[in-house]
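What follows is one structure encoded as structure tokens, with my remarks underneath.
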Amino acid sequence: MSSPPFPAPLLTRNFVLAWLITLFNFGSFYLLLATLPLYIVEIGAGEAQVGLVIGVFAVTALPLRILVGREADVWGRRRLILGGCLVMLVSSLLYIWTESMFSLLAVRILHGAGWAAFGTATAALAADVVPPRRRGEGMGYYGMSINVAMVAGPVTGIFIMRSLGFTYLFLIAGAVAALSVLCAALVTEPKDHPSQPRGPLFEVPALFPSAMMCMLALTYGSIVSFLPLFAMRRGLENPGLFFTVFAVALVLTRGPAGRVSDRYGRGTTIVPGLLLAAVGLGLLSTAASLTTFMVVAVVYGLAFALVQPALMALVVDRVVPERRGAAMGAFTGAMDLGIGAGAFLWGFVAQIAGFPAMYQWAGVAALVALGAFLVGSRRKAEA
């Protein structure tokens, strides 16, 4: 009786490099996550303008991700990854010279362009090298690099800001981004995915899971843009703690959640994840103590761990290898659209109705996403 074959390995050279590139660029990004809203307020802006600055980053990245995704199929992954990492480095340093809303918006647009290029091409590279039978698990572990960066980034950013000031914060963010450039230079183009003829911008089978990611990201926009301000008004001295606990919850659950979706189907993690997102946001609207903020961080982190890797794997499930770049462009662009639109939308809601009401409505948006997924999945099954 022959023994079962060993599972295909996840830790290939390009997978590890994709993981490190994502770790360093997100590390640079997360140093600014909890601090940039405070910097924007320091130069005289209000909540709506905070949403504008945070949102323009994601909105800039959206059309570029779609274009980059297609071009990654044509030109390959490596050049776009390296170029995006270089732009991430330069834009992180340019924040030093921003002293007005105009200059800050200009740098955010550039930063968003680098984000689109590196993020889309690196996700496509990871999707190329993950074994098909371990796709949910592999994409879960790939996304863990983002969460590891989040564990230390926000709380460290607040510490650097308070100890050394914003100039040193931006310098250190640039130094971390520089590490991604070094890793990008070592990437090799996958031999089994040669350049393809230029196809359409959108990969239709990827649109439904991408739309679901957009709806979840809409709720995340309320957290990434406004939780630092809300938490400090409720007496939480270092809002970065929320993101650290959120990230730890993600790190501990992404891989197992991906394995569950591989074995039992993507919906088995997506449905409870969206429900947990609604519960967490509703609880956040009532938060008035450190304990409640930390409980919300765990609940919302678990929600993201259940939903995001499964949706990314579902995208890869539905497309041919030659169109993974375009598919990843649609998926990552949908997340940017949700975060950017959320930053704009929730900024106005917060200014009119306050932060508690804003998080209540974000919870309702998560429930709408749950209903949309159930209806869309049923129609797909009936087709």
Side-chain angles (χ1 to χ4, degrees), residues 18 22 58-59 61-77 80-81 115-132 134-140 142-143 146 190 193 195-218 220 258 261-262 265-267 269-271 273-274 304 306-341 369-370 372-383:
T22 304
V59 170
L62 170 62
L64 291 176
R65 278 197 189 275
I66 296 170
L67 179 61
V68 166
R70 184 181 67 176
E71 297 308 307
D73 291 328
V74 177
W75 298 105
R77 319 306 192 202
L80 290 166
I81 293 172
W115 186 258
F118 113 80
T120 305
T122 306
L125 177 68
D128 287 339
V129 299
V130 167
R134 303 180 69 184
R135 188 165 285 149
E137 180 186 5
M139 298 313 289
Y142 165 70
I146 301 170
H193 291 295
S195 297
Q196 303 295 323
R198 187 172 282 106
L201 282 174
F202 294 101
E203 188 65 15
V204 174
L207 293 183
F208 174 68
S210 296
M212 294 301 96
M213 189 66 245
C214 182
M215 295 179 76
L216 178 62
L218 185 75
Y220 185 54
S261 78
D262 284 335
R266 309 306 182 196
T269 60
I270 293 170
V271 170
L274 290 172
F304 235 84
L306 290 168
V307 176
Q308 197 262 353
L311 286 174
M312 183 178 285
L314 184 59
V315 168
V316 183
D317 291 342
R318 292 184 170 193
V319 300
V320 296
E322 295 80 8
R323 292 288 293 164
R324 283 179 185 152
M328 284 297 104
F331 183 81
T332 54
M335 186 164 183
D336 286 334
L337 175 61
I339 294 173
L370 173 59
F373 179 79
L374 292 172
V375 171
S377 298
R378 187 177 297 114
R379 288 181 177 175
K380 180 70 176 178
E382 293 173 354

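Note that the coordinates shown come from a computational prediction; the quantities given were computed from them, not determined experimentally.
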Contact check, side chains of [X] and [Y], non-hydrogen atoms, under 4.5 Å:
X: M215; Y: F373; answer: no
X: T22; Y: F118; answer: yes
X: M213; Y: Y220; answer: no
X: W115; Y: R65; answer: yes
X: L311; Y: I270; answer: yes
X: R266; Y: D317; answer: yes
X: Y142; Y: P309; answer: no

How close do [X] and [Y] get, heavy atom to heavy atom, and via which atoms?
X: S261; Y: G136; value: OG-CA, 4.1 Å
X: V315; Y: A206; value: CG1-CB, 3.9 Å
X: T269; Y: L306; value: OG1-O, 2.9 Å
X: A121; Y: V68; value: N-CG1, 4.5 Å
X: T332; Y: A123; value: CG2-CB, 4.5 Å

Roughly how far, to the nearest 0.5 Å, is the [atom2] atom of [Y] from the [atom1] atom of [X]?
X: I81; Y: T120; atom1: CD1; atom2: OG1; value: 10.0 Å
X: F331; Y: L207; atom1: CZ; atom2: CG; value: 12.5 Å
X: L216; Y: I339; atom1: CG; atom2: CD1; value: 9.0 Å
X: R135; Y: M312; atom1: CZ; atom2: CE; value: 12.5 Å
X: L314; Y: S377; atom1: CG; atom2: OG; value: 8.0 Å
X: L80; Y: L64; atom1: CG; atom2: CG; value: 11.0 Å

Practice prompt. Would you check if the side chain of R77 reaches a backbone N or O of T122 as a donor-acceptor pair within less than 3.5 Å?
Written response: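 Side chain of R77 to backbone of T122, a donor-acceptor pair under 3.5 Å: no, none is there.
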